[in-house]
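I have placed the structure first, in the form of structure tokens, so that the comments after it can refer back to it.
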Amino acid sequence: MLNELHIENIAVIERADIRFEPGLNILTGETGAGKSIVIDAIGAVLGERVSRELVRRGAEKALVTAVFDVSGTEDWLRENEIDPEEELILQRRILSDGKSSCRICGNPVTAAQLKELAALLVDIHGQNDGRQLMDERRHMAYLDSFGELQPELEAYRKEYRQYRTLRKELEQLNMDQVEKERLSESLRYQIAELERAELKAGEKDSLVARRDLLRNSEKLTEALDEALRLLYANEDNAVSMAENAEYYAGKAAALVPELEETVSSIHEAAFSLSDAAETLRDFRENLDFSPEEYDRLEERISLLNKLERKYSRDEEALLLYLDECREKLDRIEYADERSAKLRRELEEQKKQCRRAAKILREKRQTAAKDLQERIVRELRELNMPSVRFAVEFAPLEGEPGFDSNGADQIRFLMSANAGEELGRISRIASGGELSRIMLAMKNVFAEHDPVATMIFDEIDTGVSGIAAQRVGEKLYSVSRGKQVMCVTHLPQIAAMADSHYLIAKEERNGRTYTDVTKLDREGQRMELARLHGGDNVTITTLASAEEQLEAAERFKAAQK
């Protein structure tokens, strides 16, 4: 539930603090006073797109803060590494250049994250939702949402994805003969070239190391010879001198026992020097340098570099590419055989898709029957006594007879008046009827929706008289299970408010300011009288407002 809303420098609202209550919260005010700006501010703090035009003229930034109950969002907060608190505080700061920043419980987040969380908190019914209802492409999604058919839809789509994979592979195989020959020739050439190279993983590194060794062979030989001379070749070489030192240190140790450890160290050093000399001698004797080997190495390295440049791949990737070329060539050469197999698999997958689509259709038809009954009942309660509502199913035309959503075309049909045939909502429904249909659907869908707050921005479009009264009563009924906010111009709806807020605009010192005031019982009566008679508030309009409030109170009492 939305508990508090703080607004700073949003359009004509310099500052407003609104504390919303459970039940039905109504916002009224003159046209242009800023009612929809409050809804825009809520949209901004819920992650909707914002622009610099939203910032009050002359202000450097705008700020919207909303405080919600944390219940129902704990899992999302943990997944996004935000510690749940007693209250859920959302904040959106908008700069005068249009840039914005978002925070959840003080943690910086993206607008996308804010919007994702908002889906768990608020359902906003804007003035464009009626047009969405007329978009028949959305009707299937409405039905699936009502019937909670996501598992069945996903099961079908799993089969459909497999069908698409097989069909795409078959289409690739069924290329024209000229293209097939061209590709085959290219693959054969590349395979032959790479096979002639006899590539081996890690070969290039070892070749480069050997070449560098040959490059420095003269310096290497000189260094080895000098090291051997100093270690072993001369009469006074390092090994013999270490052995002599060991001998004399041993004699000293015979007289001074604590030198025995030193003698041992000299012995190990002499052994190490002797071992090093043997290693250098073996390495020196095995050196085999020849100009022919160097030339072979340069030629091989040059070939590998050329292939790497040509195919834009390193040595290891060239081996993988060779395998890819062989596989592609095999597929082309055995395309007819593979194509026949794929066609058999594709036909079987078609049957799988049709079976899954049939299960999905049956579930949808069951949900459609329930939806039809529920919508008709809701609409009759909204002063449409002769309404008929139907969900029409039609098979998809053409081959294969199904798509990513199943094998059906689905659209909603209705007849608003007795004696009229069922027809498309876009052609049958008036503006007021669209508003009531959407309200009915929102009320039905809300039963399966965990979102605790619903916002209706001018749900009364095209509605008046008894229909307006029924809309008000329906909004109150919805608000018994959820927090409802509604912007309205109609006294019949405003009278049903549990909490009534007046949005008023005035000019002070040459600037326009909008204030939000929660009305008491008398203030509500005065506002209803204004909605009835405009500025001409009379004893008659006040009496009418009082009568309307009393009727609303009786209705509410009967609902408890």
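Just so you know, these numbers come straight off a predicted model, no measurement behind them. Just so you know, these numbers use all the heavy atoms, side chains as well, and skip hydrogens, waters and symmetry mates.
Nearest approach of Val451 to Asp123, heavy atoms of both residues: CG1-N, 3.6 Å. Across all non-hydrogen atoms, the minimal contact from Ile13 to Val38 is CD1-CG2, 4.0 Å. Closest non-hydrogen pair, Ala197 versus Arg300, comes out as O-NH2, 2.5 Å.
The side chain to side chain donor-acceptor pair (under 3.5 Å) test with Tyr321 singles out one residue from Arg313, Gln190, Glu316, and that residue is Gln190.
Of the possible polar contacts, one joining the Asn107 side chain to the Cys105 backbone as a donor-acceptor pair under 3.5 Å is found. The closest donor-acceptor contact from the side chain of Ser272 to the backbone of Glu268 lies under 3.5 Å. Proximity of a side-chain donor or acceptor of Asp275 to a complementary backbone N or O of Phe271 within less than 3.5 Å is not detected. Remark: side-chain polar atoms of Glu87 are not paired, donor with acceptor, to backbone N or O of Asp69 under 3.5 angstrom. Side-chain atoms of Arg354 come within 3.5 Å of backbone atoms of Pro400 as a donor-acceptor pair (strictly under, hydrogens ignored). The closest donor-acceptor contact from the side chain of Gln113 to the backbone of Thr110 lies under 3.5 Å. When atom types are taken as modelled, the side chain of Glu308 and the backbone of Glu315 share a donor-acceptor pair closer than 3.5 angstrom. When atom types are taken as modelled, the side chain of Ser145 and the backbone of Tyr142 share no donor-acceptor pair closer than 3.5 angstrom. Side-chain atoms of Arg326 never come within 3.5 Å of backbone atoms of Ile191 as a donor-acceptor pair (strictly under, hydrogens ignored). A donor-acceptor contact shorter than 3.5 Å links the side chain of Ser265 to the backbone of Glu261.
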Q: Start with the C-alpha distance between Trp76 and Ile82, add both sets of side-chain angles, then the distance that settles side chain to side chain contact (heavy atoms under 4.5 Å, CB included), and finish with yes or no.
A: CA-CA 9 Å; Trp76 188 94; Ile82 297 174; 4.2 Å; yes
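At most 12 non-hydrogen atoms from other residues, nucleotides or ligands lie less than 6.0 angstrom from NZ of Lys61. By the 6.0 Å contact criterion, CD on Glu154 is enclosed, its count of non-hydrogen atoms from other residues, nucleotides or ligands being greater than 12. Atom CZ of Arg164 is surrounded by 12 or fewer heavy atoms from other residues, nucleotides or ligands within 6.0 Å. Annotation for Glu258: atom CD counts as buried by contact number, over 12 foreign heavy atoms lying within 6.0 Å. In Lys204, the NZ atom is crowded: over 12 heavy atoms of neighbouring residues, nucleotides or ligands sit closer than 6.0 Å. In Lys200, the NZ atom is crowded: over 12 heavy atoms of neighbouring residues, nucleotides or ligands sit closer than 6.0 Å.
In this model, a donor atom of one side chain and an acceptor atom of the other lie less than 3.5 Å apart for Ser100 and Arg92.
Contact of the Thr165 side chain with the Gln349 side chain is not registered, since no non-hydrogen atoms from C-beta on lie closer than 4.5 Å. Tyr160 places none of its side-chain heavy atoms less than 4.5 Å from the side chain of Asn405. Counting heavy atoms from C-beta on, the side chains of Ile410 and Phe393 come closer than 4.5 Å.
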